[in-house]
Amino acid sequence: MQLPPALHARLAGAPGAAEPLPVERNPKAGAAPFRFMARLVRFPREHEFFEEGDVQRHLYLQDVLTQVAGEPEKPRVPEFTCQVAGCCQVFDALEDYEHHYHTLHRNVCSFCKRAFPSGHLLDVHILEWHDSLFQILSERQDMYQCLVEGCTEKFKTSKDRKDHLVNRHLYPADFRFDKPKKTRSLATPQVTVQVSAEALGADWEQSEGDAMEGCSEPASERRTCGHRIPPTICFGQGVSRGFKSTKKRNKHQ
Amino acid sequence: MWSGRRGSLRPAGCGLEELRRRRREREAVLRKARREQQLISKRLLRDDAPGEAEEGCVAMILREAEIQQFLRLAQRGTEEKERERALVSLRRGLQHPETQQTFIWLEGSMRTLVGLLTSNQALLQLEAARCLHELSHSEQSAVAEACLPATSYLLTYLSGHSSDFIELCLYTLGNLIVESEAVRRQLLPQGIVPALAACIQSPHLTVLEALGYALSQLLQAKEAPEKIIPSVLASTLPQHMLRLLQPGPKLNLGVAMEFAWCLHYITCSQVNNDLLITHGALSTLGLLLLDLAGAVQRTEDAGLELLACPVLRCLSNLLTEAAVEAVGGQMQLRDERVVAALFILLEFFLWKQPSLLPEGLWLLNNLTANSPSFCTSLLSLDLIQPLLQLLPVSNVVSLLAAQAFLQQSGLQALERHEETQLQDRVHALQQIALHG
């Protein structure tokens with residue numbers, strides 16, 4: 001196929017539309033033997049016309065078409081420590097650090113040090129757990145907002161909200177980012193206890209756990225403590241949750 | 001502009017002939033699936049880090065006891081590295097279909113995995129997500145559907161900030177979406193459309209490409225025209241998609257490709273194309289077409305035809321909408337450079353992927369059908385000859401070329417300007433088309 005050389009220049013040129021040539025029918029031409037109308041053609045979804053392109057698309061998805069290039073290995077850097085106060089986690093790759101930071105330090109509640117997966121959930125948490133005005137208002141009107149982005153429903157109680165999440169949005173009944181607020185003394189911060197899993201007979205199949213707890217103890221201990229120790233009991237004074245003294249623990253999650 | 005493809009699917013010692021043979025086989029399978037309207041494909045992200053290569057690339061079949069052991073270690077190990085390694089071993093085992101089966105039938109296994117996915121241990125979370133990703137890639141419905149308990153969390157994490165993690169969640173969701181209507185029936189009420197609409201504002205190209213993939217899978221679903229596309233159109237997704245298709249220094253080929261295919265699935269479903277036209281789809285796609293024509297001249301870039309194809313389709317289908325005339329949509333696409341671009345792309349297809357020629361001719365038909373201006377451009381840019389050269393290429397092409405030009409708009413255009421100097425050409429044209 002030979003394209004006229006001026007074509008590429010036209011592409012690079014200025015935008016513009018051609019002035020339609022005037023209609024002039026040659027008197028010698030007689031009646032047109034063809035009966036055709038200009039017709040726009042439309043193809044619906046499943047039309048076989050799309051078969052070729054669809055096949056090429058799927059070949060691409062299956063990675064057959066493109067250059068198969070091995071993933072370069074994660075660039076390693078000299079070991080460094082997370083700079084957030086109280087966190088001693090060590091890294092030798094930036095991607096690992098990025099994920100660690102976003103998971104544990106990015107959306108952290110400044111009151112109770114719980115970490116959340118997103119700013120939205122953090123905001124909801126602060127409002128519902130740490131805002132006394134919220135408590136007052138919620139007695140008069142529906143204040144518990146649905147957690148699903150885009151849903152504007154609000155509810156009287158957190159239980160009603162949970163029912164809505166389960167029934168309307170098909171969320172699991174034990175959705176980890178919708179824990180009911182624990183009753184606790186407001187005076188002293190809570191510290192979860194270091195108790196060995198064996199002593200409390202933890203069953204490995206139970207994967208409960210307060211996902212919102214800040215980093216510190218191994219997950220199993222935290223889980224069992226969450227269930228077995230009444231929340232009103234407090235060990236130690238003035239120790240902020242999630243941050244351990246270095247002499248007890250060198251590694252953090 | 002291509003982001004590096006992940007995962008090496010080329011087995012060691014594979015010759016070129018062998019590769020071609022496999023590709024032909026795959027094509028045949030896909031063609032058959034397309035005819036039966038069962039065309040689904042999944043994307044697998046796999047990091048084959050060198051460290052793992054020592055233990056062999058072959059996925060291991062894990063027995064029930066071993067799976068339990070790894071899960072127990074991951075959950076309750078005292079050393080963090082040990083817990084991570086346990087999950088890595090599990091993940092490698094899960095590359096094998098048999099391990100996947102054993103895993104999903106093991107009581108409590110998914111529950112534990114979801115627990116690890118939502119734990120506060122960042123690297124365990126990542127490994128757990130990779131395990132889920134392996135499962136999502138399975139061709140067995142039961143395995144993919146076993147991942148359903150995790151979906152609310154995958155969606156929640158889309159509004160996080162860790163780009164690698166979000167990318168993984170998106171590819172996993174994309175794989176699950178395409179698996180069965182049961183999965184989609186859960187994901188839609190769980191808010192997948194608003195979650196994607198929020199996530200598409202991410203600046204990370206890898207996240208955007210993954211999102212485009214997941215969305216394209218959603219839009220390809222059989223029930224999409226009734227159940228999915230309306231809510232997608234009602235969201236901010238269309239504006240963002242068009243933004244990501246605008247040519248310019250920020251245009252990324254991998255990202256643009258995914259969203260071009262998304263747009264195609266929307267337009268060919270004919271739910272509300274007028275809305276897209278109002279958002280400027282015609283002018284954006286037209287400009288993109290010009291950009292593509294420029295790109296094919298400049299580079300040997302692999303895969304430009306994969307972007308060109310959906311762009312051509314969208315333009316062709318959008319041009320059939322009444323809104324084009326009424327809303328002044330035609331104003332968006334009057335530039336005759338589009339015709340020049342189209343022919344440059346046709347030449348490119350002829351060389352690279354002849355099977356896509358009909359799609360280009362389809363656009364030519366729709367451009368010229370109601371537009372004396374475009375017909376005139378065809379003549380004044382001297383494009384009749386190249387068009388005729390396409391006739392011998394294939395049956396479909398000659399049918400369309402003749403149909404598009406001579407039998408429909410072309411003839412009308414010819415009749416409109418039967419000036420004497422063109423007469424000879426016109427006559428030759430008609431002869432060739434009718435008898436050639």
Heavy-atom contact with chain B under 4.5 Å, split by part of [X]:
X: Ala14(A); result: backbone
X: Glu51(A); result: both
X: Leu165(A); result: neither
X: Val148(A); result: side chain
X: His99(A); result: both

Between [X] and chain A, which part of the residue has a heavy atom less than 4.5 Å away: side chain, backbone, both or neither?
X: Gln220(B); value: both
X: Leu383(B); value: side chain
X: Thr151(B); value: neither
X: Leu356(B); value: side chain
X: Arg313(B); value: side chain
X: Glu27(B); value: both
X: Arg31(B); value: both
X: Ala198(B); value: side chain

**Message:** For the interface with chain A, which of Gln385(B), Gln125(B), Arg185(B) has the highest count of heavy-atom pairs at distances below 4.5 Å?
**Reply:** Gln125(B)
**Asked** Taking every heavy-atom pair that is under 4.5 Å apart, which of Trp261(B), Phe343(B), Tyr265(B) has the most such pairs with chain A?
**Response** Trp261(B)
**Item:** Those residues that, when tested against Arg106(A), pass side-chain contact (heavy atoms from CB on, under 4.5 Å) (two or more places apart)
**Value:** Tyr101(A), His102(A), His161(B)
Quick check for you: to the nearest 0.5 Å, what is the distance between [X] atom [atom1] and [Y] atom [atom2]?
X: Gln2(A); Y: Gln389(B); atom1: CD; atom2: CD; result: 6.0 Å
X: Phe49(A); Y: Ser316(B); atom1: CZ; atom2: OG; result: 7.5 Å
X: Arg10(A); Y: Ile344(B); atom1: CZ; atom2: CD1; result: 11.0 Å
X: Phe50(A); Y: Cys309(B); atom1: CZ; atom2: SG; result: 8.5 Å
X: Asn366(B); Y: Phe43(A); atom1: CG; atom2: CZ; result: 8.5 Å
X: Glu305(B); Y: Gln56(A); atom1: CD; atom2: CD; result: 7.5 Å

**Message:** Check whether Arg168(A) reaches the backbone of Pro189(B) with its side chain - one donor and one acceptor, N or O, closer than 3.5 Å.
**Reply:** no
**Message:** Would you call the rings of Phe177(A) and Tyr157(B) parallel, tilted or perpendicular, taking 30° and 60° as the class edges?
**Reply:** perpendicular
**Asked** Would you call Thr156(B) and Phe175(A) a side-chain contact if the rule is heavy atoms closer than 4.5 Å?
**Response** yes
**Message:** Is there a side-chain contact between Pro172(A) and Pro149(B) in this structure, where contact means two heavy atoms from C-beta onward sitting under 4.5 Å apart?
**Reply:** no
**Request:** Apply salt bridge (Lys or Arg N to Asp or Glu O under 4.0 Å) to Arg42(A) and Glu321(B), showing your working.
**Result:** CA-CA 9 Å; Arg42(A) 172 189 281 193; Glu321(B) 297 295 334; 3.4 Å; yes
**Message:** Tell me the closest heavy-atom pair linking Leu11(A) and Gln297(B), and the distance in Å.
**Reply:** CD2-NE2, 3.4 Å
